[in-house]
Amino acid sequence: MRRHDFEPGKLVIGLVLLGGSAAYLAAAAGRWHFPAYVLLPALGIALCVSGAVSALAVSVRRRRELGAEPGNREPGRSG
């Protein structure tokens with residue numbers, strides 16, 4: 001079985017969507033009342049955070065791959 005890379009951006013957006021679904025479910029059951037228009041900005045913010053987390057993960061992964069190759073050293077370091 002092929003291993004997949006961990007993608008934290010998908011985890012972030014999945015948790016936000018799961019939370020939004022739980023909020024709608026609680027509102028439908030009459031247990032919690034909230035203004036529905038709050039979820040749209042929350043989704044937009046979650047998409048921005050997810051993109052930032054994904055970009056950070058890609059940069060960390062790229063840096064690790066470059067550092068693993070022999071002969072690649074960080075600039076300014078001797079040795």
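Below, each value reflects all heavy atoms present in this structure, side chains not excepted, and no hydrogens, waters or symmetry copies. Position 1 is the first residue of the sequence; numbering continues from there.
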Smallest separation among heavy atoms of A46 and V12, with atom names: O-CG1, 4.4 Å
Check the hydrophobic clustering (I, L, V, M, F, W, Y; side-chain heavy atoms under 4.5 Å; chains of links allowed) and say if V58 and V53 are grouped together. no
Could you see if L39 belongs to whatever hydrophobic cluster contains L18? Use Ile, Leu, Val, Met, Phe, Trp, Tyr and a side-chain cutoff under 4.5 Å. no
Shortest non-hydrogen separation from V16 to A42 and the atoms involved: CG1-O, 4.5 Å
Any side-chain heavy-atom pair from L43 and L17 closer than 4.5 angstrom? yes
Once you round to the nearest 0.5 Å, how far does CD1 of I45 lie from OG of S50? 13.5 Å
Smallest separation among heavy atoms of A23 and F34, with atom names: O-CE2, 3.1 Å
